[in-house]
Amino acid sequence: MASYLHGFWGLSLSLSLSFVHSTSTASHVYIVYLGHNRHCDPNLISKSHLQLLSSVFASEEDAKRSLLYGYKYSFSGFSAKLNSSQAASLAEMEEVISIFESQVLKLHTTRSWDFMGLILDNTGEVTPVQLAYGDDIVVGIFDTGVWPESESFQEEPSMSPIPSSWKGTCVRGEKFDPQKACNRKLIGARYYVKGFEEEYGPLNASTNREYRSARDFLGHGTHTASTAAGSIAKNAGFFGLGRGIARGGAPRARLAVYKICWGKDSDGKCTEADILAAFDDALHDGVDVISASFGESPPLRPFFASNADIGSFNAMQHGVTVVFSGGNDGPEPSLVQNVAPWSICVAASSIDRTFPTEIVVNSDFSIVGESFISTEVKAKLVEAFTYFADGICKCENWMGRKATGRVVLCFSTMGSVKTEEAEAAAKKANASGLIFAEPMTELIAEVDIIPTVRIDIAQGTQLRDYLAQFPRLPIVQLKPSKTSIGKVPAPTVAYFSSRGPSSISPDILKPDITAPGIGVLAAWPPNTPPTLLPSDGRSVKWNFQSGTSMSCPHVSGVVALIKSAHPNWSPAAIRSALMTTAYTRDTSHDSILAGGSMKVSDPFDIGAGHINPMKAMDPGLIYDLKPTDYIVFLRNIGYTQDQINKIFLPSPDETERTSCPQAHKIPNSFINYPSITVSNLQSTMTIKRTVKNVGQKKNAIYFASVVKPGGVEVVVWPRVLVFSWFKEEVSYYVSLKPLKMSQGRFDFGQIVWSDGFHYVRSPLVVFVNNTHLDSVTHHSSI
Ligand SMILES: *[C@@H]1O[C@H](CO)[C@@H](O)[C@H](O)[C@H]1NC(C)=O
Ligand SMILES: *[C@@H]1O[C@H](CO)[C@@H](O)[C@H](O)[C@H]1NC(C)=O
Ligand SMILES: *[C@@H]1O[C@H](CO)[C@@H](O)[C@H](O)[C@H]1NC(C)=O
Ligand SMILES: *[C@@H]1O[C@H](CO)[C@@H](O)[C@H](O)[C@H]1NC(C)=O
C-alpha cells in the first residue's frame, strides 16, 4: 500500500517523476493537487477538473464516475479512481502540482487493539484567560466525529450568538439530527466517507456499527474535541478516578467537527481523499484552528505528496493554524510525523497526576504500581509459567489451564510482550487480575480489560522473589487506585512520543512543543466501551486516553485563546508565541526528563519545551512569517517559479517577492522560525532572524543571553535590541562557528532575549559536520 507517485517536476522534467506503481492494473484513489483557486467560482473549477480528468478517460461519463471529490472552495484539486497509466498521464500535465495515491492514516492513540484537556483534570482551576477568550473562535476537529449529547458540547446559557462570519453547517445523518445535536457550542458537523468506502467497501450495518453521520462511534473525536474546547462540566471522572471539573483548553470557543476517520475492526482509518475534502470545506466554513490527531509512520512522503502538507499549507495561507500530533513512534530518533514548517507538531508528556495502586501480598508485603482499578481484587498470586509456555504472557502461549481466582504476574521482558497482549492472554485464561512488570519508562496507567497493575522491573523482581519463598500460593490484594497530584516531577516526555529530527527536513526542528498526552481524562460516548473492546460492557461519560492524539488538542485549545486575544496574529506568530514561552523545567525545577531513557530531554523530545498558555498570551516578541516566506522552503524541495505561482495566493503587497528570481539557494535554517537548527554546519555560517515587538510597551530593550551548543562558537549581534514602537521589527544575526572536528552528533544550546519581564527563548540545534574537510583519506573500506 506504500506506492505513490509525485509529479513535482511538470512536463519539462518528467524524467525525474518518481513512479512507484502497484503490480496490478487495478484502480486506486489518487489525489491530484492543482494549487490555489483564486478568482474562480467553484462551478468553473469543477468544470475544469472534469475536463482535465476526461483527458485520461474514454468519455466524460467515465471520468465523472471515477471522481470522488472535487476540492474547489479553498484550493483546487480532486480525487478520483485511476489506474497507474492514467495517473502517470495526469502527472505530466502542466496544471498538476502533485498527484499521489490516497493513503490510509492512523489515529495517534497509544492503544493498539487499537482502541481503545488546558488539562482536563482537577489539578488546576479554570483560569480567567480561559473565561475571557474564545467565543469568537471556531476550532475544527478532524477526527472520528462527536457524541453531541456529552456535557462537554452543551452551550452555556450566557454564550453569545454564533459568529456571523461562520459559513459552516451541521449535516443530517444517521442518529444525528442537527436540530438536537448542534447548538451555539457545536456549530458545525460534517462527515466524509467516500474515500473510506472506496478502500474498505460500503459501510455495512450488519458488519460495522459505525454511524453514517458525524456521530462518533470510536470515541476518539469526542475525546479530542472536548480536550480542545469542551464546555465546563462538573463531576467528571472515571469510576471515581481523576474526579473534578472537566473543560477544554478554550471552554468558550466553538466547535466544528469534521468526521474523516471511521471505525474498522475497532481501529480508526482515515483516508486522504476524505481528509482533503474536510480541509476544503473547513477553510471555506471559516474555522480558525484545525486540530488533527492522525498521521502515518515514517518513511514520510515528500512534501505535497501527502495531503496533510497540502491541507495545512492552504490553511496557513488562509490564516488558519493547523495543529498536528507528532505520532507515537518513540522513543527512537527521527520518527516524528507531520513535520511541515507551516503547521505545529506536538509531542506528548505527563502531568503531575498519577494513579498509585497498592499491591499487598499476605497482608505483610506491599508495593505500589499504577492502575485504574475501581474495586479491590483479592485472589491468589501465581507466576506466568503456570499458565503460559515459557512464561510468555501471550494468547498463543496459553497452555489451556484456567487461572480462575488467580492474579498472574507477567514480565514484558519475557518474550517482549505488550500490556495489551498480556491483558488479552490473562483474560483468555479467565484470571482475576494481572500484575504487569515493564521498564519504568513505559509505566503508564491505561484503561484495561482486566484489572491490571503496572510495576517496574525491579518491583516485579522483588515480587517474584517474595513469591518463591512460599510453597503455597499467597493471597494478593490489588487495592483500588488513588488519584495523586503533585507527588511526582512533571512533565516527563512520554516514551511513545515521536522524536526529532525530521527525517525529511532536518533544518526545521520538529516536534515544535510538548503538551499533556498521558492519562488525559475527557468526554467519551456512553455507547463506546472505554477499551473499545466488545467484551467490555462498561459505559462511561469520561475516559482516560494517552497519545500525541491527546496532546495535540491541548495546543489547539490554547491556539484558540491566543487567536481570540490577538485576532490579527498569523499562524506563524501564534506558533512563535507558544514556542518562545515554553518551559523546559519540571515541577521540581529540574530539566524535563525524556521518558524512554530517563535522561534529560533535548529539543528532539520536546521542541521548544512544554506549552505555557498564560505566558503565550503575552510573549513580548514574535518571529513572524508571511506565507511567501516559505518560498525558500519550496525552492529547496525543487519547485519552479511557475509551480510556486500556482501554489501561492499572491497578495498585492507581496507580488514583488513572489516573482523575485531565484538568486542562490538559501538553506531552510534561514526561515524566520522560532527555533534555529543547522543540521550540517561545515564552516562558519551566519543566520538572520527578525523579531517583532508585540509587548505592551512601545519602548522596549531586549538583551541576549546565549547557551552555546558543545563545540560551537556562537556570536549574537547586536546583543541589544531596541524597539521604539509597537510592532516594530528588528533583526539580529547569529554566527555559528565549529570549534571541533565532528561528524555524527547534534549539540544543543539556546538564545534568550529578555527585557527583564519577557523571556523569548529559541532552542539552538547544531550538527557539526566538518571532518571530511580536513582529511582526504577517510574512505576506509573493510
Ligand atoms: C487504464 O485505463 C484506461 C482508460 O480506461 C485504459 O485505456 C488503459 O488501458 C488502462 N491501463 C491499464 C494499465 O490498465
Ligand atoms: C452486508 O454484510 C452482510 C454480511 O457479510 C452481507 O450479507 C450483505 O450483503 C452486506 N450488504 C451490503 C449492502 O453490502
Ligand atoms: C471465570 O471466572 C469466574 C470468576 O472469576 C467464574 O465464575 C467462571 O466460572 C470462570 N469461567 C471459567 C470458564 O472458568
Ligand atoms: C556531512 O558533509 C558531507 C560533505 O558535504 C556530506 O556528504 C554528508 O551528507 C554530511 N552529513 C550530514 C549528516 O549532513
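Position 1 is the first residue of the sequence, and the numbers go up from there. The structure displayed is predicted, hence computed values, not measured ones. Start at 1 and go down the list; that is how both ligands and their atoms are numbered.
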Below 4.0 angstrom from a heavy atom of Phe767, which ligand 4 atoms are there? Numbered from 1 as shown, please.
13 (C)
Do Ser366 and Glu358 meet the criterion of a side-chain donor-acceptor pair at a distance under 3.5 Å?
yes
Specify whether the nearest protein heavy atom to atom 14 (O) of ligand 3 is under 4.0 angstrom away.
yes
Are the side chain of Asp536 and the backbone of Ile449 linked by a donor-acceptor contact shorter than 3.5 Å?
no
Ligand 1 atoms nearer than 4.0 angstrom to some heavy atom of Ser85 are 1 (C), 10 (C), 11 (N), 12 (C), 13 (C)
Looking at atom 4 (C) of ligand 4, what's its closest protein heavy atom, distance included?
His772 NE2, 3.3 Å
NZ/NE/NH1/NH2 to OD/OE distance under 4.0 Å, Glu438 and Arg454:
yes
Number the atoms of ligand 1 from 1 as they appear, then name those within less than 4.0 Å of a heavy atom of Asn83, with their elements.
1 (C), 2 (O), 3 (C), 8 (C), 10 (C), 11 (N), 12 (C), 14 (O)
Any non-hydrogen protein atom below 4.0 Å of atom 7 (O) of ligand 4?
no
Asn636 CG to Phe670 CZ distance, which is reported to the nearest 0.5 Å
11.0 Å
Contact check, side chains of Pro298 and Asp329, non-hydrogen atoms, under 4.5 Å
yes
Under 3.5 Å, is there a donor-acceptor pair between the Ser76 and His49 side chains?
yes
Before signing off on this row, confirm whether Ser432 and ligand 3 have an N or O atom pair separated by under 3.5 Å.
no
For atom 5 (O) of ligand 4, what is the closest protein heavy atom, and at what distance to 0.1 Å?
Gln682 NE2, 3.0 Å
For Arg301, is there an ion pair with Glu296 - N to carboxylate O distance below 4.0 angstrom?
yes
Would you check whether Asn430 has a nitrogen or oxygen atom less than 3.5 angstrom from a nitrogen or oxygen atom of ligand 3?
yes
How far is atom 11 (N) of ligand 4 from its nearest protein heavy atom, and which residue and atom is that?
Asn769 ND2, 2.8 Å
